[in-house]
Structure formats: C-alpha cells, structure tokens
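Notes follow the structure.
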There are 2 protein chains.
Amino acid sequence: MNTETSISTEEAILVAARKVFESKGFDGARMQEISDRAGINRALLHYYFRSKDKMFERIFDEALERFMPLLSTWDQDPDESWELKLKRFIRTFITFLKANSMLFLLREIIRKPDLLTSRTKKYRKGLNKFVLYFERLKQEGQIRSDVDSKHIYIIMHSLCSFPLMNAIVFSYSLRISTKEYDELMAGYPEIVSNLLIQMLKHQNNWTSK
Amino acid sequence: MNTETSISTEEAILVAARKVFESKGFDGARMQEISDRAGINRALLHYYFRSKDKMFERIFDEALERFMPLLSTWDQDPDESWELKLKRFIRTFITFLKANSMLFLLREIIRKPDLLTSRTKKYRKGLNKFVLYFERLKQEGQIRSDVDSKHIYIIMHSLCSFPLMNAIVFSYSLRISTKEYDELMAGYPEIVSNLLIQMLKHQNNWTSK
DNA sequence: TTTACTTTTAACAAGATTGTTAAAACACTA
DNA sequence: TAGTGTTTTAACAATCTTGTTAAAAGTAAA
C-alpha cells in the first residue's frame, strides 16, 4: 500500500468535505462538489469512505472531537480563582469559535437529534462540571446564592456563541462591514467576563423588579 | 373561481410547507413530503406556487414579516422608561421566539446570504432604532457612557435568542428533560432584563479587570 | 521485466426529485 | 342540464444524485 499517496488523498478529501459540509450542510452538500474541490474523481470518495453518510459522520465526529474537550477543560487548575477561570475560559472559547463553526454542529443536530444522543456519550460527563463547580461556589458563599447555576451556564454560552454564529446578521443589522464587526468584537471577551463576574458578585439589587 | 376551496387548499399547503421547510431546511425539504402533509397531489404545489424556490421565498418572506416588525417596535411609547421598555421588549421577544423558530431564518441566510440583502431592505431602517435610542440615553446621562450601544444590542439579542435556538443542546448538556428546560426558562426573561438593567446602571466597577 | 497489489478513472445503473401536461373531477351559472 | 372555467389528479419527462464496477494506471518488489 502506498501510504504516502493515500494519506494525502484522504486528507485532501477530508479538507474538501469539511468545507462543503460546513457551508452547505449535509442535505445541501454534493459529492461532486467535494470531489471537485479535492481535485479527484468522485468514485474515490466511495473508495475511501464508502458512502456520503459515513463521510459525514467522520466530519461530524471530528468537529465534536475539537469542540467537546474545550467544554470539559474547566477545573484544570484548582488554585485559580473562579474569576480568572471564567476569564480564561471565555477567552479561549471565543477564540475557538472564531475558527470553528458551531452552527454546523447545531444545524445537523436539529436535522437529526439522534446525532447528539448517539455520538456525544463519552463527553457528556464533562459537561456538567461547570454547573457543579458553580454550585460549590454558591455553597461556599463565594458567589451570590440566589442565581441558578444552570442559568449561568446558559447565559455564558449564549453570550459566547451567538455573536459569532450570527455575525452576518448582526453586522447587517448594525450597518457595519464584517471587518468592522470583527473589530467591534475584539474587546468582547472582556465585556462578557466582566458582565458575568459583576452579576455573580453582587448579592443584592438583582432579583428586584 | 372557487375562492373558498382554493384558499383553504393554498393555506393547507402553506401550513405544510412552513412546517417542512422549518424543520428540514430548503435543501432537506421534499415537495412530496409537503404535499403528503397537506393531503393533496404533488402537482398542486406547482399549480399554486410554480416552483419549490417560489414556494420557499413565500415561506421565508412570511417568516420575515412576522419577525422583523417585532424588532422595530421599540420606541412606541415615548413616556415609558427605558427600564420598562427593555423589560417589555425582552418579554415579548422571548415569547415570540418560543413560537417562531429563528433558526430557520438564520440557517437559510447562511446558506444563501443573498436572502438577507435582497429581502429585508424595507425593514432595515427600523433595525438601528435600538442603537440610536441607547446612544441618546448615554448622551442624556441616563445610562453609563462607557459601553458601546452595539454591544448592548448584541448582548440583548444573544441572551434572548440563543437559549431558545439551542434548547435541545442545552437540555441535553444540563441533563434535564425538555419539559424541565421549559420550566427553567420560565423566569428567564426577568433574569435577562435585570442583568441588562444592572449592567447599564452601574457606571463603575465595570471595565475594571 | 514480470508480478502482485494499490489507486484512480470512466462508464454505467438505480432511484430520487422537480417540474409538465393532458385529462378528469368539480363548481357554478345560464 | 349544458356550458364554462377552475381545481385536482395520474402519468410522464428530464435531470440530478448516489453508488457500483470493470478496467486502466501507478507502484514497488522479486
């Protein structure tokens, strides 16, 4: 077997498939477009990956493999304060999201919710580390106790994910170019961190109507 | 022309098309599935709407027509305080999003960005009412001046939209049922309102690192 | 060079999908 | 009821899409 050649061909296919699946989605993706982009004959896609479904699963799993460990890297350093943890996490999370489309995962999960339950089992345990961590902080009196840790989780993820997923619409609504939007978002991680920290510190004037 | 019959048929088709396009997306939608769901012959779809593209545009435009005016209803009552405005807006916005999938619009805009520029022109002017309103509040000293109105816009929309768009993933991550997630989200509009109001009121200890 | 194996291609097959059309069914009025 | 126009259907046509296959091209070792 000519490993040299086959790896580079396989890699070229994966690069092309990633691009096409991420921009068009499974249903909009065409095997022809993938092979064109990879510069090879369409039959080779089947030679290497058998079917469109199998190829898609490979791409989907690789995207999960990049994404999920990020969510689990929460309480690595036990000495780090929760404020620093939050800042560091938000910064790395947003940086990651700039390079990796989360919309791809979400879109395909909506299309086929089975993908979530069948292919993320091994990551699921790490997911509620975050909630457990903030529950502990509450018990220790380090943060306000009148806020649900699940809400913190939801708020943090919404603030990090949506502005990047929705960049096209936001820049259009705000009447600025995508370049200007990028510049606007340069200081965004700091803002999110500070917003969350302020929210979690102040016990009072919160649930007041 | 039998108006009675044709309107109900057309309406049945639209209901079915809305359902199928929203859950499967344009590329995943099948004319056969739409006609099955509407309980009519597939050729009738073409009789009423000519083509799949035309039918989709109709559904897309109707979704825009429901969605965009909501964004423009900001400064209706000039006597209302900005805090109340915010609370009212967030409440109605989230209520609306529970019934109308925003993911549909976003997904199709990503697929074909042209949809945004070509079909939303008439709404675009209303979009930056929000930003202009908060710029004015800043000048009048009613809210802190060290925060970008565009960021407020982005934060508010992210907090309102994403938790509903991403409900499946969030409920999975948080290890709760969708029913429990709904219950969790019952108090969410209040939380978002208060978070934003607190953020906008307090001049200090904000941009501090 | 021959041989054995891997990689690549062109051509084909099967089925899915959109769109058309001619005729049937229907509804309403004279 | 006959006539006119509208609505609906079954059957068909054209194209697109995935997947298969047999043969060609390439590679490396004996």
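Chain A is the first sequence line, chain B the second, and so forth, proteins listed ahead of strands; every chain is numbered from 1. As the structure is a computational prediction, the values presented were derived from the model and not from experiment.
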Handout entry: Close aromatic pair by centroid cut-off 6.0 Å: F60(B) and F26(B)
Key = no
Problem - Spacing between K52(B) atom NZ and dT15(D) atom C1', to the nearest angstrom - result: 14 Å
Problem - Integer-rounded Å distance: dT9(C) P and I40(A) CD1 - result: 7 Å
Exercise for the section: Rounded to the nearest angstrom, tell me the gap between atom CG in D53(B) and atom C1' in dT18(C). Expected result: 10 Å
Fill in the blank from the handout: Closest to the side chain of A43(A), out of dT9(C), dG19(D), dT8(D), is dT9(C)
Fill in the blank from the handout: Separation between CZ (R18(A)) and OG (S101(A)), nearest 0.5 Å, reads 13.0 Å
Problem - S51(B) side chain near dT18(C) phosphate (N/O to OP1/OP2, under 4.0 Å) - result: no
Problem - Charged tip of R111(A) within 45° of F56(A) ring normal and under 6.0 Å - result: yes
Problem - Separation of atom CE in M55(B) from atom C1' in dT17(C), rounded to whole Å - result: 13 Å
Problem - Selection from dT9(D), dT6(C), dT6(D) that lies nearest to any side-chain heavy atom of N41(B) - result: dT9(D)
Problem - Phosphate OP1/OP2 of dT7(D): any Y48(B) side-chain N/O under 4.0 Å - result: no
Practice task
Can you tell me the distance, in whole Å, between the OH atom of Y47(B) and the P atom of dG5(D)?
Solution key: 13 Å
Handout entry: Length of the line joining Q32(A):CD and dT18(D):P, which is rounded to integer Å
Key = 9 Å
Practice task
Send over the distance from L45(B) CG to dT8(D) P, rounded to a whole Å.
Solution key: 11 Å
Exercise for the section: Could you pick out which residue, R42(B) or R30(A), lies toward the 5' side of DNA chain D when each is mapped onto its nearest nucleotide? Expected result: R42(B)
Fill in the blank from the handout: Among the nucleotides dT8(C), dG19(D), dT7(D), whichever has the atom closest to the side chain of L44(A) is dT8(C)
Exercise for the section: Report yes if at least one side-chain N or O of T9(A) is closer than 4.0 Å to OP1 or OP2 of dT8(C); otherwise report no. Expected result: yes
Practice task
Measure the distance from CD1 on I34(A) to C1' on dG19(D) and round it to the nearest whole Å.
Solution key: 14 Å
Practice task
State, yes or no, whether a side-chain contact exists between L97(A) and M165(A) at a heavy-atom distance under 4.5 Å.
Solution key: no
Problem - Residue pair N194(A) / Q198(A), side-chain donor-acceptor N/O under 3.5 Å - result: no
Fill in the blank from the handout: The nucleotide from dT18(D), dT9(D), dT8(D) with an atom nearest the side chain of H46(A) is dT18(D)
